[in-house]
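Whatever order the structure lists ligands and atoms in, that order sets their numbers, starting from 1. Values in this document were obtained by computation on a predicted structure and should not be read as measured data.
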Amino acid sequence: MTSISTIYKLSLVAVTCFIQACSSSCPVLDCWFVQEKAGRGGGLTPPTTQEKSLLYIRTDANSHNAANHQAPSDINPDRIFFITDPAATLCHHSLSPPKGSIKKPQCEISPFLQQPSTLQWVAPLTDSAFSPIYLQADWFSVALQGLNKERVISSIVRAPTGTKESNVILSVTSKTISVQARLGKPALLDCGFWVDPSSPLSGSGFAVEWRYQFRGKGRLVLAYDGKTDRVADAQEEGATLDFESLHKKRNASLILQEAKVQHSGTYICTVYLPYLLAQVVVELEIVEPPSLSIHPSPLPLIVPGQTLTVQCEASGFAPLSLELSWEFTGADGKSRPLETGSITGHRQAWDGTYSQSTRLELDTSKLDLGRGGELTCVAVHPGGTRRASTTVSVIGFSTPSIEDSMAMVGVALVLYGLIKFVSWTFTSSDYSRNDALSSTKTEVTVWPNSKIKLA
Ligand SMILES: *[C@@H]1O[C@H](CO)[C@@H](O)[C@H](O)[C@H]1NC(C)=O
(Lines give C-alpha, C1' and ligand atoms only; values in the text may rest on other atoms or scores of the structure.)
Protein backbone atom coordinates (compact mmCIF):
# COMPACT_ATOMS: atom_id res chain seq x y z
CA MET A 1 0.00 0.00 0.00
CA THR A 2 2.72 2.41 1.02
CA SER A 3 4.86 1.54 -1.98
CA ILE A 4 1.97 2.19 -4.36
CA SER A 5 1.25 5.55 -2.85
CA THR A 6 4.95 6.40 -2.99
CA ILE A 7 5.09 5.47 -6.68
CA TYR A 8 1.95 7.48 -7.24
CA LYS A 9 3.41 10.49 -5.45
CA LEU A 10 6.71 10.20 -7.29
CA SER A 11 5.08 10.00 -10.68
CA LEU A 12 2.88 12.94 -9.78
CA VAL A 13 5.94 14.96 -8.85
CA ALA A 14 7.63 13.89 -12.10
CA VAL A 15 4.62 14.89 -14.18
CA THR A 16 4.32 18.21 -12.37
CA CYS A 17 8.01 18.91 -12.90
CA PHE A 18 7.71 17.96 -16.55
CA ILE A 19 4.74 20.27 -17.05
CA GLN A 20 6.53 23.03 -15.17
CA ALA A 21 9.65 22.66 -17.28
CA CYS A 22 7.80 22.60 -20.57
CA SER A 23 4.95 24.99 -20.10
CA SER A 24 6.52 27.80 -18.18
CA SER A 25 9.71 29.56 -19.06
CA CYS A 26 9.44 31.83 -16.10
CA PRO A 27 12.75 33.53 -15.57
CA VAL A 28 15.08 33.96 -12.66
CA LEU A 29 15.65 37.68 -12.81
CA ASP A 30 18.84 39.47 -11.87
CA CYS A 31 17.51 42.50 -10.13
CA TRP A 32 18.48 45.52 -8.07
CA PHE A 33 16.96 45.97 -4.67
CA VAL A 34 16.62 49.72 -4.28
CA GLN A 35 15.57 51.46 -1.11
CA GLU A 36 15.88 54.81 0.53
CA LYS A 37 18.79 55.13 2.91
CA ALA A 38 17.84 55.08 6.56
CA GLY A 39 17.94 58.61 7.96
CA ARG A 40 16.92 61.42 5.67
CA GLY A 41 19.50 63.24 3.67
CA GLY A 42 19.10 66.74 2.29
CA GLY A 43 18.01 67.53 -1.25
CA LEU A 44 14.86 66.72 -3.15
CA THR A 45 15.50 63.06 -3.89
CA PRO A 46 16.40 61.01 -0.87
CA PRO A 47 19.61 59.01 -1.26
CA THR A 48 19.08 55.38 -2.16
CA THR A 49 21.01 52.19 -1.81
CA GLN A 50 21.27 49.45 -4.43
CA GLU A 51 21.86 45.81 -3.64
CA LYS A 52 22.02 42.79 -5.90
CA SER A 53 18.85 40.79 -5.79
CA LEU A 54 17.35 37.70 -7.38
CA LEU A 55 13.73 37.04 -8.27
CA TYR A 56 12.51 33.50 -8.86
CA ILE A 57 9.31 33.74 -10.86
CA ARG A 58 6.73 30.95 -11.08
CA THR A 59 3.10 30.75 -12.01
CA ASP A 60 2.13 28.29 -9.31
CA ALA A 61 3.04 28.56 -5.63
CA ASN A 62 3.12 24.77 -5.30
CA SER A 63 5.95 24.29 -7.72
CA HIS A 64 9.06 23.76 -5.69
CA ASN A 65 11.66 23.73 -8.41
CA ALA A 66 12.50 27.37 -7.84
CA ALA A 67 13.49 26.66 -4.25
CA ASN A 68 15.97 24.04 -5.42
CA HIS A 69 18.16 26.61 -7.07
CA GLN A 70 21.44 27.19 -5.35
CA ALA A 71 21.50 30.85 -4.37
CA PRO A 72 24.66 32.66 -5.46
CA SER A 73 26.92 33.48 -2.54
CA ASP A 74 27.28 37.16 -3.48
CA ILE A 75 23.60 37.85 -2.88
CA ASN A 76 22.16 38.58 0.54
CA PRO A 77 19.58 35.82 1.25
CA ASP A 78 17.15 38.56 2.36
CA ARG A 79 17.24 39.92 -1.18
CA ILE A 80 16.12 36.69 -2.81
CA PHE A 81 12.43 36.61 -3.63
CA PHE A 82 10.09 33.83 -4.73
CA ILE A 83 7.29 35.46 -6.64
CA THR A 84 4.13 33.67 -7.73
CA ASP A 85 2.49 35.26 -10.77
CA PRO A 86 -0.61 33.29 -11.85
CA ALA A 87 -1.10 35.60 -14.86
CA ALA A 88 2.45 34.81 -16.07
CA THR A 89 2.98 38.49 -16.86
CA LEU A 90 6.52 38.22 -15.50
CA CYS A 91 7.16 35.16 -17.67
CA HIS A 92 7.13 37.15 -20.91
CA HIS A 93 9.82 35.93 -23.30
CA SER A 94 11.48 39.35 -23.45
CA LEU A 95 12.47 38.81 -19.81
CA SER A 96 14.29 35.54 -20.57
CA PRO A 97 17.36 36.43 -22.62
CA PRO A 98 19.00 33.62 -24.58
CA LYS A 99 21.87 31.93 -22.73
CA GLY A 100 25.08 33.91 -22.91
CA SER A 101 23.32 37.09 -24.01
CA ILE A 102 25.06 40.28 -22.88
CA LYS A 103 21.84 42.26 -22.97
CA LYS A 104 19.73 41.70 -19.89
CA PRO A 105 16.24 42.83 -19.04
CA GLN A 106 16.14 45.70 -16.57
CA CYS A 107 14.78 44.93 -13.14
CA GLU A 108 14.33 46.88 -9.97
CA ILE A 109 12.52 45.89 -6.80
CA SER A 110 11.82 48.24 -3.92
CA PRO A 111 9.66 48.34 -0.79
CA PHE A 112 6.20 49.72 -1.52
CA LEU A 113 4.25 51.87 0.88
CA GLN A 114 0.55 51.10 0.56
CA GLN A 115 -1.69 54.07 1.35
CA PRO A 116 -5.01 55.58 0.35
CA SER A 117 -4.92 58.23 -2.37
CA THR A 118 -6.60 61.61 -2.04
CA LEU A 119 -6.86 62.12 -5.79
CA GLN A 120 -10.42 62.92 -6.73
CA TRP A 121 -10.72 59.94 -9.10
CA VAL A 122 -9.06 57.50 -6.71
CA ALA A 123 -10.53 58.48 -3.34
CA PRO A 124 -13.86 56.61 -3.89
CA LEU A 125 -11.88 53.34 -3.92
CA THR A 126 -11.11 53.67 -0.21
CA ASP A 127 -14.54 55.01 0.81
CA SER A 128 -15.38 52.00 2.85
CA ALA A 129 -12.67 50.70 5.12
CA PHE A 130 -12.02 47.01 4.63
CA SER A 131 -9.87 44.48 6.36
CA PRO A 132 -6.63 46.33 7.01
CA ILE A 133 -5.15 43.00 8.14
CA TYR A 134 -4.66 42.12 4.48
CA LEU A 135 -2.51 45.21 4.09
CA GLN A 136 -0.33 44.22 7.02
CA ALA A 137 2.32 42.41 5.02
CA ASP A 138 5.53 43.18 3.17
CA TRP A 139 4.75 45.00 -0.06
CA PHE A 140 7.18 45.48 -2.91
CA SER A 141 7.02 47.10 -6.28
CA VAL A 142 8.85 45.47 -9.20
CA ALA A 143 9.70 47.47 -12.32
CA LEU A 144 10.81 45.57 -15.42
CA GLN A 145 11.79 46.36 -18.95
CA GLY A 146 12.12 43.52 -21.42
CA LEU A 147 14.75 43.15 -24.13
CA ASN A 148 14.33 45.10 -27.37
CA LYS A 149 11.89 47.40 -25.62
CA GLU A 150 9.21 44.79 -26.18
CA ARG A 151 7.47 45.31 -22.89
CA VAL A 152 7.44 47.31 -19.68
CA ILE A 153 5.91 45.81 -16.59
CA SER A 154 5.25 47.21 -13.17
CA SER A 155 3.97 44.84 -10.50
CA ILE A 156 2.98 45.13 -6.88
CA VAL A 157 3.76 42.00 -4.88
CA ARG A 158 2.74 41.05 -1.38
CA ALA A 159 4.54 38.72 1.01
CA PRO A 160 2.92 37.77 4.32
CA THR A 161 5.11 39.36 6.96
CA GLY A 162 8.27 37.42 7.64
CA THR A 163 7.91 35.06 4.67
CA LYS A 164 9.72 35.13 1.37
CA GLU A 165 6.85 33.72 -0.65
CA SER A 166 5.28 36.67 -2.40
CA ASN A 167 2.35 36.98 -4.78
CA VAL A 168 1.66 39.40 -7.58
CA ILE A 169 -1.45 41.40 -6.70
CA LEU A 170 -1.39 44.02 -9.46
CA SER A 171 0.51 44.19 -12.76
CA VAL A 172 0.46 47.02 -15.26
CA THR A 173 2.06 46.43 -18.66
CA SER A 174 2.64 48.13 -21.97
CA LYS A 175 3.67 46.65 -25.29
CA THR A 176 4.52 50.03 -26.74
CA ILE A 177 7.44 51.52 -24.85
CA SER A 178 7.98 53.95 -27.69
CA VAL A 179 5.36 54.70 -30.31
CA GLN A 180 5.61 56.67 -33.51
CA ALA A 181 2.50 58.14 -35.05
CA ARG A 182 1.83 60.11 -38.23
CA LEU A 183 0.41 63.59 -38.02
CA GLY A 184 -3.38 63.69 -38.05
CA LYS A 185 -3.69 59.90 -37.65
CA PRO A 186 -4.94 58.17 -34.49
CA ALA A 187 -2.30 57.11 -31.98
CA LEU A 188 -2.66 54.21 -29.54
CA LEU A 189 -0.63 54.04 -26.35
CA ASP A 190 -0.92 50.53 -25.00
CA CYS A 191 -1.57 49.88 -21.31
CA GLY A 192 -3.22 46.93 -19.65
CA PHE A 193 -3.44 45.54 -16.15
CA TRP A 194 -4.15 42.41 -14.18
CA VAL A 195 -5.46 42.09 -10.63
CA ASP A 196 -5.21 38.93 -8.55
CA PRO A 197 -8.85 37.77 -8.41
CA SER A 198 -8.26 36.12 -5.04
CA SER A 199 -7.17 39.39 -3.46
CA PRO A 200 -9.78 41.21 -1.36
CA LEU A 201 -8.74 44.35 -3.26
CA SER A 202 -9.89 43.00 -6.61
CA GLY A 203 -13.60 43.56 -6.14
CA SER A 204 -13.31 47.12 -4.88
CA GLY A 205 -12.91 48.89 -8.17
CA PHE A 206 -9.99 50.54 -9.92
CA ALA A 207 -9.02 53.88 -11.39
CA VAL A 208 -6.91 54.73 -14.44
CA GLU A 209 -4.92 57.88 -14.99
CA TRP A 210 -2.89 59.06 -17.99
CA ARG A 211 -0.45 61.90 -17.48
CA TYR A 212 1.71 63.72 -20.00
CA GLN A 213 5.22 64.91 -19.32
CA PHE A 214 7.50 66.95 -21.54
CA ARG A 215 10.65 68.81 -20.50
CA GLY A 216 9.64 68.93 -16.86
CA LYS A 217 6.10 70.09 -17.53
CA GLY A 218 3.29 67.70 -16.75
CA ARG A 219 -0.47 67.68 -17.13
CA LEU A 220 -3.36 65.32 -16.73
CA VAL A 221 -4.54 63.84 -20.01
CA LEU A 222 -7.35 61.67 -18.72
CA ALA A 223 -8.51 60.18 -15.45
CA TYR A 224 -11.22 57.58 -15.02
CA ASP A 225 -12.80 56.31 -11.84
CA GLY A 226 -13.86 52.77 -12.65
CA LYS A 227 -15.82 52.38 -9.46
CA THR A 228 -18.29 55.19 -10.10
CA ASP A 229 -17.73 55.09 -13.90
CA ARG A 230 -16.75 58.75 -14.05
CA VAL A 231 -14.23 60.64 -16.16
CA ALA A 232 -12.50 63.61 -14.55
CA ASP A 233 -13.37 67.03 -15.98
CA ALA A 234 -9.80 67.82 -16.92
CA GLN A 235 -9.94 65.41 -19.85
CA GLU A 236 -7.97 66.49 -22.88
CA GLU A 237 -9.84 66.87 -26.13
CA GLY A 238 -9.48 63.95 -28.51
CA ALA A 239 -8.13 61.62 -25.81
CA THR A 240 -10.23 58.63 -24.83
CA LEU A 241 -10.28 55.06 -23.55
CA ASP A 242 -12.18 52.09 -24.89
CA PHE A 243 -14.39 51.77 -21.80
CA GLU A 244 -15.92 48.47 -22.78
CA SER A 245 -12.52 46.91 -23.33
CA LEU A 246 -11.32 48.50 -20.10
CA HIS A 247 -13.98 46.78 -18.00
CA LYS A 248 -13.99 43.49 -19.90
CA LYS A 249 -10.31 43.03 -20.66
CA ARG A 250 -8.65 45.55 -18.34
CA ASN A 251 -7.37 47.32 -21.45
CA ALA A 252 -6.50 50.87 -20.38
CA SER A 253 -4.89 51.93 -23.67
CA LEU A 254 -5.04 55.62 -24.43
CA ILE A 255 -6.45 56.60 -27.80
CA LEU A 256 -5.47 59.99 -29.26
CA GLN A 257 -7.90 60.49 -32.10
CA GLU A 258 -5.74 62.88 -34.10
CA ALA A 259 -2.02 62.99 -33.43
CA LYS A 260 -0.55 66.48 -33.26
CA VAL A 261 3.09 67.53 -32.99
CA GLN A 262 2.34 68.84 -29.49
CA HIS A 263 1.44 65.28 -28.44
CA SER A 264 5.08 64.19 -28.62
CA GLY A 265 6.41 63.37 -25.17
CA THR A 266 6.23 60.96 -22.27
CA TYR A 267 2.97 59.40 -21.09
CA ILE A 268 2.46 57.67 -17.76
CA CYS A 269 -0.29 55.12 -17.35
CA THR A 270 -1.18 54.63 -13.68
CA VAL A 271 -3.63 52.02 -12.44
CA TYR A 272 -4.99 52.40 -8.93
CA LEU A 273 -6.47 49.79 -6.65
CA PRO A 274 -7.51 50.73 -3.14
CA TYR A 275 -4.22 51.58 -1.32
CA LEU A 276 -2.11 50.41 -4.29
CA LEU A 277 -0.88 51.79 -7.56
CA ALA A 278 1.43 50.72 -10.38
CA GLN A 279 2.51 52.68 -13.42
CA VAL A 280 4.31 52.31 -16.74
CA VAL A 281 5.90 54.95 -18.94
CA VAL A 282 5.38 55.16 -22.71
CA GLU A 283 7.00 57.54 -25.20
CA LEU A 284 5.11 59.01 -28.13
CA GLU A 285 6.78 60.68 -31.06
CA ILE A 286 4.93 62.28 -33.92
CA VAL A 287 6.91 61.65 -37.08
CA GLU A 288 5.92 63.32 -40.31
CA PRO A 289 8.18 63.42 -43.40
CA PRO A 290 8.43 66.69 -45.38
CA SER A 291 6.67 67.78 -48.55
CA LEU A 292 9.12 69.19 -51.10
CA SER A 293 8.78 71.90 -53.71
CA ILE A 294 11.35 73.34 -56.11
CA HIS A 295 11.40 77.00 -57.21
CA PRO A 296 11.37 78.33 -59.84
CA SER A 297 9.15 75.78 -61.47
CA PRO A 298 9.64 74.96 -64.26
CA LEU A 299 13.27 76.04 -64.45
CA PRO A 300 14.09 78.59 -67.17
CA LEU A 301 16.35 77.47 -70.02
CA ILE A 302 20.02 77.87 -69.18
CA VAL A 303 22.68 79.23 -71.50
CA PRO A 304 26.15 77.73 -70.90
CA GLY A 305 28.17 79.95 -68.56
CA GLN A 306 25.06 81.21 -66.82
CA THR A 307 24.39 80.68 -63.09
CA LEU A 308 20.90 79.76 -61.98
CA THR A 309 19.64 79.84 -58.40
CA VAL A 310 17.33 76.96 -57.49
CA GLN A 311 15.53 76.63 -54.17
CA CYS A 312 14.03 73.53 -52.60
CA GLU A 313 11.63 73.97 -49.73
CA ALA A 314 10.81 71.16 -47.29
CA SER A 315 7.73 71.84 -45.21
CA GLY A 316 5.29 70.23 -42.81
CA PHE A 317 7.78 67.89 -41.14
CA ALA A 318 8.44 66.82 -37.56
CA PRO A 319 10.61 66.24 -35.64
CA LEU A 320 13.26 68.81 -36.56
CA SER A 321 15.79 66.44 -38.03
CA LEU A 322 16.37 66.85 -41.74
CA GLU A 323 19.18 66.50 -44.25
CA LEU A 324 18.75 68.26 -47.58
CA SER A 325 20.94 67.60 -50.60
CA TRP A 326 20.95 67.83 -54.40
CA GLU A 327 21.54 65.31 -57.16
CA PHE A 328 21.90 65.66 -60.89
CA THR A 329 20.97 62.95 -63.36
CA GLY A 330 22.48 63.52 -66.79
CA ALA A 331 21.12 62.48 -70.18
CA ASP A 332 23.11 59.26 -69.81
CA GLY A 333 20.96 58.31 -66.81
CA LYS A 334 23.83 58.49 -64.33
CA SER A 335 23.21 60.50 -61.20
CA ARG A 336 25.78 62.23 -59.06
CA PRO A 337 25.56 64.32 -55.94
CA LEU A 338 25.96 68.07 -56.21
CA GLU A 339 27.10 70.42 -53.49
CA THR A 340 24.71 70.70 -50.52
CA GLY A 341 23.63 74.24 -51.21
CA SER A 342 23.05 76.75 -48.44
CA ILE A 343 20.51 75.61 -45.86
CA THR A 344 18.26 78.20 -44.25
CA GLY A 345 17.24 78.27 -40.62
CA HIS A 346 14.05 76.43 -39.76
CA ARG A 347 10.63 77.93 -39.18
CA GLN A 348 7.80 76.43 -37.16
CA ALA A 349 4.24 76.56 -38.41
CA TRP A 350 1.10 76.94 -36.28
CA ASP A 351 0.64 73.18 -36.18
CA GLY A 352 4.12 72.66 -34.78
CA THR A 353 5.60 71.28 -38.01
CA TYR A 354 8.82 72.70 -39.39
CA SER A 355 10.00 74.03 -42.71
CA GLN A 356 13.49 74.54 -44.03
CA SER A 357 14.99 75.14 -47.46
CA THR A 358 18.20 74.83 -49.39
CA ARG A 359 19.45 77.11 -52.17
CA LEU A 360 21.68 75.83 -54.91
CA GLU A 361 23.77 78.00 -57.24
CA LEU A 362 23.77 76.03 -60.45
CA ASP A 363 26.91 77.38 -62.15
CA THR A 364 27.04 75.91 -65.64
CA SER A 365 30.58 77.15 -66.18
CA LYS A 366 31.82 74.96 -63.33
CA LEU A 367 29.44 72.05 -63.60
CA ASP A 368 29.30 69.87 -66.63
CA LEU A 369 25.59 69.59 -67.19
CA GLY A 370 25.85 68.51 -70.82
CA ARG A 371 22.60 69.14 -72.63
CA GLY A 372 20.74 69.08 -69.33
CA GLY A 373 19.02 66.42 -67.29
CA GLU A 374 17.13 66.09 -64.06
CA LEU A 375 17.85 68.05 -60.91
CA THR A 376 16.65 66.31 -57.72
CA CYS A 377 16.26 67.66 -54.22
CA VAL A 378 16.66 64.88 -51.62
CA ALA A 379 15.34 65.15 -48.06
CA VAL A 380 16.35 62.49 -45.53
CA HIS A 381 14.07 62.44 -42.49
CA PRO A 382 13.25 59.90 -39.73
CA GLY A 383 9.79 59.61 -41.33
CA GLY A 384 11.29 58.60 -44.66
CA THR A 385 13.25 59.96 -47.61
CA ARG A 386 11.49 62.29 -50.00
CA ARG A 387 12.62 63.48 -53.46
CA ALA A 388 11.47 66.16 -55.86
CA SER A 389 12.82 66.60 -59.39
CA THR A 390 12.79 69.19 -62.11
CA THR A 391 14.15 69.27 -65.65
CA VAL A 392 17.27 71.26 -66.54
CA SER A 393 17.64 72.24 -70.19
CA VAL A 394 20.85 73.79 -71.45
CA ILE A 395 20.45 75.58 -74.76
CA GLY A 396 23.09 76.49 -77.36
CA PHE A 397 24.87 73.34 -76.50
CA SER A 398 24.24 70.36 -78.63
CA THR A 399 26.26 67.64 -80.19
CA PRO A 400 24.65 67.54 -83.61
CA SER A 401 22.66 64.51 -84.57
CA ILE A 402 22.71 62.96 -88.06
CA GLU A 403 19.53 64.76 -89.06
CA ASP A 404 21.01 68.01 -87.81
CA SER A 405 24.20 67.41 -89.85
CA MET A 406 22.19 66.65 -92.99
CA ALA A 407 20.18 69.78 -92.48
CA MET A 408 23.34 71.79 -91.94
CA VAL A 409 24.90 70.45 -95.13
CA GLY A 410 21.69 71.35 -96.92
CA VAL A 411 21.71 74.84 -95.50
CA ALA A 412 25.37 75.23 -96.36
CA LEU A 413 24.70 74.23 -99.94
CA VAL A 414 21.80 76.61 -100.26
CA LEU A 415 23.89 79.40 -98.70
CA TYR A 416 26.75 78.65 -101.06
CA GLY A 417 24.42 78.80 -104.01
CA LEU A 418 22.93 82.02 -102.74
CA ILE A 419 26.32 83.65 -102.21
CA LYS A 420 27.43 82.59 -105.64
CA PHE A 421 24.31 83.98 -107.16
CA VAL A 422 24.53 87.27 -105.26
CA SER A 423 28.21 87.79 -105.97
CA TRP A 424 27.61 87.02 -109.67
CA THR A 425 24.75 89.53 -109.80
CA PHE A 426 26.86 92.20 -108.05
CA THR A 427 29.91 91.65 -110.17
CA SER A 428 28.00 91.95 -113.38
CA SER A 429 26.12 95.06 -112.25
CA ASP A 430 29.40 96.66 -111.12
CA TYR A 431 30.83 96.22 -114.55
CA SER A 432 27.88 97.80 -116.18
CA ARG A 433 27.89 100.69 -113.73
CA ASN A 434 31.56 101.32 -114.18
CA ASP A 435 31.10 101.37 -117.86
CA ALA A 436 28.48 104.00 -117.45
CA LEU A 437 30.44 106.20 -115.09
CA SER A 438 33.90 105.83 -116.58
CA SER A 439 33.91 109.39 -117.85
CA THR A 440 33.49 111.08 -114.42
CA LYS A 441 36.51 110.93 -112.06
CA THR A 442 34.72 112.02 -108.88
CA GLU A 443 32.60 108.88 -108.78
CA VAL A 444 35.66 106.69 -108.36
CA THR A 445 36.41 107.85 -104.81
CA VAL A 446 32.97 106.81 -103.68
CA TRP A 447 33.91 103.16 -104.40
CA PRO A 448 37.32 102.88 -102.89
CA ASN A 449 37.19 99.15 -102.34
CA SER A 450 36.15 98.40 -105.75
CA LYS A 451 38.58 96.13 -107.54
CA ILE A 452 38.03 97.90 -110.74
CA LYS A 453 40.65 100.54 -111.32
CA LEU A 454 39.83 103.33 -113.65
CA ALA A 455 42.44 104.52 -115.98
C1 LIG B 1 -7.07 47.75 -26.35
O2 LIG B 1 -8.00 48.64 -26.92
C3 LIG B 1 -7.58 49.27 -28.11
C4 LIG B 1 -8.64 50.26 -28.51
O5 LIG B 1 -9.88 49.66 -28.68
C6 LIG B 1 -7.31 48.21 -29.16
O7 LIG B 1 -6.85 48.83 -30.36
C8 LIG B 1 -6.25 47.26 -28.66
O9 LIG B 1 -6.02 46.24 -29.60
C10 LIG B 1 -6.70 46.64 -27.34
N11 LIG B 1 -5.62 45.83 -26.81
C12 LIG B 1 -5.82 44.60 -26.39
C13 LIG B 1 -4.64 43.89 -25.86
O14 LIG B 1 -6.92 44.07 -26.43
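- Residue Gln262 places its CD atom among more than 12 non-hydrogen atoms of other residues, nucleotides or ligands, all under 6.0 Å distant.
- Shown here is Arg215, whose CZ atom has no more than 12 heavy atoms of other residues, nucleotides or ligands within 6.0 Å.
- Of the protein's non-hydrogen atoms, the one nearest atom 5 (O) of ligand 1 is Asp242 OD2, 2.8 Å.
- Sorted by first and then second residue, the pairs that involve residues 161-220 and meet disulfide bond (SG atoms under 2.5 Å apart), not counting sequence neighbours, are Cys191-Cys269.
- Using a 4.0 Å cut-off to heavy atoms of Leu188, the atoms of ligand 1 that qualify are 3 (C), 7 (O).
- In terms of N/O distances under 3.5 Å, ligand 1 is not approached by Ser253.
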Using the rule given for salt bridge (Lys or Arg N to Asp or Glu O under 4.0 Å), can you reason through Arg387 versus Glu327, listing the C-alpha separation, both sets of side-chain angles and the distance that settles it, and then say yes or no? CA-CA 10 Å; Arg387 313 168 89 88; Glu327 266 174 29; 2.8 Å; yes
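- Of the protein's non-hydrogen atoms, the one nearest atom 1 (C) of ligand 1 is Asn251 ND2, 1.4 Å.
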Cut-off 3.5 Å, no hydrogens considered: what does the side-chain donor-acceptor table look like for residues 108-116, sequence neighbours left out?
unit_1, atom_1, unit_2, atom_2, d
Gln114, NE2, Leu135, O, 3.3

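- Counting protein heavy atoms under 4.0 angstrom from atom 14 (O) of ligand 1 gives one or more.
- Atoms of ligand 1 lying under 4.0 Å from at least one heavy atom of Lys175, given by number and element, are 13 (C).
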